[in-house]
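Below is one structure, written out as structure tokens, with a few remarks after it.
The figures here come from the full heavy-atom set of this structure, side chains too, leaving out hydrogens, waters and symmetry mates. Here is the naming used below: chain letters follow the sequence lines, and residue numbers restart at 1 for every chain. Bear in mind that the values here come from a model prediction, so they are computed numbers and not experimental data.
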Amino acid sequence: MSLDAIPIHVINAPPIEAGLTGNAPPLLRELAEQVKRLLATGEASAIDLSALPLTPADLDWLREKLGAGEISVTLQANGESTLNETACPGVWWVTHHNERGAVTSQLIEVALVPELVKAHPQDVQIGYEYLELVLSDL
Amino acid sequence: MQGPLIDTLARQGITRRTFLKYCTTLASMMALPPAAGLAMAEAMAAARRPSVIWLPFQECTGCTESITRSHSPTLEGMIFDMISLDYQETLMAAAGHQAEEALQAAMKENAGKYLLIVDGSIPLDMDGAYSCIGGRSNVEILKEAAAGAAAIVAMGSCAAFGGIPKANPNPTGAVSVSDIIKDKPIVNIPGCPPIPVVMTGVLAHYLTFGSLPELDDKGRPKAFFGETIHDRCYRRPFYDQGKFAKTFDDEGARMGWCLFELGCKGPVTYNACATVKWNGGTSWPVESGHGCLGCSEPDFWDAGGFYKALSVPADPLEFGAAAAVVGAGAGVAVSFANRAKKRAAKAAHQTTTLADLEK
Amino acid sequence: MNELQFLTWVRGPGLDIAVGIFVLGVLWRLFEIYSLGRKKDLAAPRHAAGASGLHTVFRRSIPPPGGVKRSPVSYIGGYIFHIGLAIVVFGFAPHILLIKNLTGLSWPGLPSQFIDLAAVVTMAAMVVVLVDRINKPVKRFLSTFGDWFTWTVTFLPVLTGWLAVQHLLLPYTTMLALHILSVEILLIVLPFTKLFHAFTLFGSRWYNGKVNGQRGVPV
């Protein structure tokens, strides 16, 4: 049953829109450091956005500053996940949803390819066995 | 079914990526660095399922309900596959002596390695006769099971702090796990019932890092019990503005204002309800219009009433009227004494005449 | 005893005891003081403009000419911390709730940011007044144990209340319990120390004004 069936209308919903807190700009600086480290050592890193005091306006500001890149990956695993490259190659905006579509976590990953996108050798092995099976049936 | 966890999951059609995604979210909820999600996924995927023994004592099964009904069929339910739950009276198929044999077998096989989960308080009065399983008292079973446990998780407010059975006048002499067991690491996961993800988070932490998460002074995982409900409440701005609901059906209540005056215990309650929420993130007590009861704090049942604001007296003032009478009486008595003194002084007063002075 | 039990005790039996002693002490002292009575002045009253009890009650709230210049800290500091205390005690929503619960009287609260500012200003003024009392040889000479003691029991509730709201030093629950405990100590000692001026202030001003008014002297 949805709320529509009950004669309730929420006057003061939890605040969705709020202004800029000034917490977003330092994140760009941290990202720059992480990208520098990726270039120097190849080490991947990430910023967990759900754990930071950011308002929706802050997130919009960040997204706008980072822009959109060439690659968008959509993953269907227990709900949708999107991994979008930003205008800075190597910086990925990652959003995980649950099966009802609610955001469960949101992060910015700095990596050549996000870990989630790579296929695991064990899984590749299973795929290879499947291929063999298909070939033997031909 | 022994073997790496990832194989168990694969058999259930849960892919590695789903698992990695789950671990990322879990790490985020536990306030671990993002890289921990990957580390967790790798460690847990390779981990062998540890043996877990779940002992129910003086309890209402609400904790079990909370864990099993979390929001199945999602990963919280599935996470039970990470562990080998060798004894859980409510969930296990075996019953009676068979069940007790399973408990003994699990304790012997995994001595020193199993994780012991306890829900419910332990009665001590009348030699623990108030709650027995298979003719043995809870305290006896707990001491035996704790001896071989690697660590103990006290699930719910009863196991963690004594909970409702311990509420005044505590007829059964109920105590918490930590009141009895002193020589084992104990994690308290209080709440009535506790939040499912806290449980899975502690298990994941234990599997990943081989240790228990960081705990506060009451033995609760800091990641979930680090801040008060009040500090994380979306209605907090109304508290700061001085806007309060005065009754449950007034204008303020409809406007979603702060419930402090209606007895909300959010300011003194440490828990994660405000951020993790309940029923799969649907809502939580304050969002549904009722103040926090403070159920994850010790002795919440005796903390002066659920509907009394924190700043008002916990009990009705009994001495006020008597004190007023005694005070007024004392004042009147002293004033009579003073007047008597004055009168005595006046009576003893001798008039001095000019003749006296010239003598 | 854990901190929630501590809080429940100070909200329950502790408050009961403190309010009991407070009510007892206040009534005792008021009866005692006002029943002393005064001798009738048999001289014919003289009249002068501005010489009456009521005039003095108000006039004494204003510094005498040149007073602020002579001892600025006493007047300005004193004013600030008294007004600040009134704002914090009677303007903070949880305090109003307590008063409403005890007496049935209620009024709208002030925003907590404003209360916060008032508390900080009050504490600053109280510290300045204390430092002045220590630094000025005459004031120091005149000070007794009662002066230092009453300053402390007045300062502690403001400090602990502010620390609790700001989540400083100790967990909120413990700090809130300490705050309530400090107020209970204040309530208990109030009737029996110079803090009783909260009750006798206007009465004694009226008395002084009236006695001098009878002689035609506005004071």
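- Only the backbone of A:Val117 comes within contact range of chain B, judged by heavy atoms closer than 4.5 Å.
- Taking OG1 of B:Thr25 as the reference point, atom NE2 of A:His96 lies at 5.5 Å (rounded to 0.5 Å).
- Residues of residues 61-77 of chain A that come closer than 4.5 Å to chain B, counting heavy atoms only, are A:Leu75, A:Ala77, ordered by residue number.
- Residue pairs meeting the salt bridge (charged side-chain N to carboxylate O under 4.0 Å, His left out) criterion with at least one partner in residues 199-216 of chain B, sequence neighbours excluded, are B:Glu214-B:Lys222, B:Asp216-B:Arg220.
- Between the CD atom in A:Glu109 and the CG atom in B:Leu38 there is a gap of 9.0 Å [rounded to 0.5 Å].
- Neither the backbone nor the side chain of A:Ala44 has a heavy atom closer than 4.5 Å to any heavy atom of chain B.
- Between B:Lys21 and A:Gly79 the shortest heavy-atom distance is NZ-O, 2.9 Å.
- Evaluation of the salt bridge (charged side-chain N to carboxylate O under 4.0 Å, His left out) test over residues 260-273 of chain B, restricted to residues two or more places apart or in two chains, returns B:Lys246-B:Glu261.
- Residue-level contacts of residues 121-138 of chain A with chain B, in order of numbering, are A:Gln122, A:Asp123; threshold 4.5 Å between heavy atoms.
- Across B:Arg17 and A:Lys118, no two heavy atoms sit closer than the pair NH2-O, 3.4 Å.
- Interface remark: A:Leu116 contributes backbone and side-chain atoms alike to the contact with chain B (heavy atom separation under 4.5 Å).
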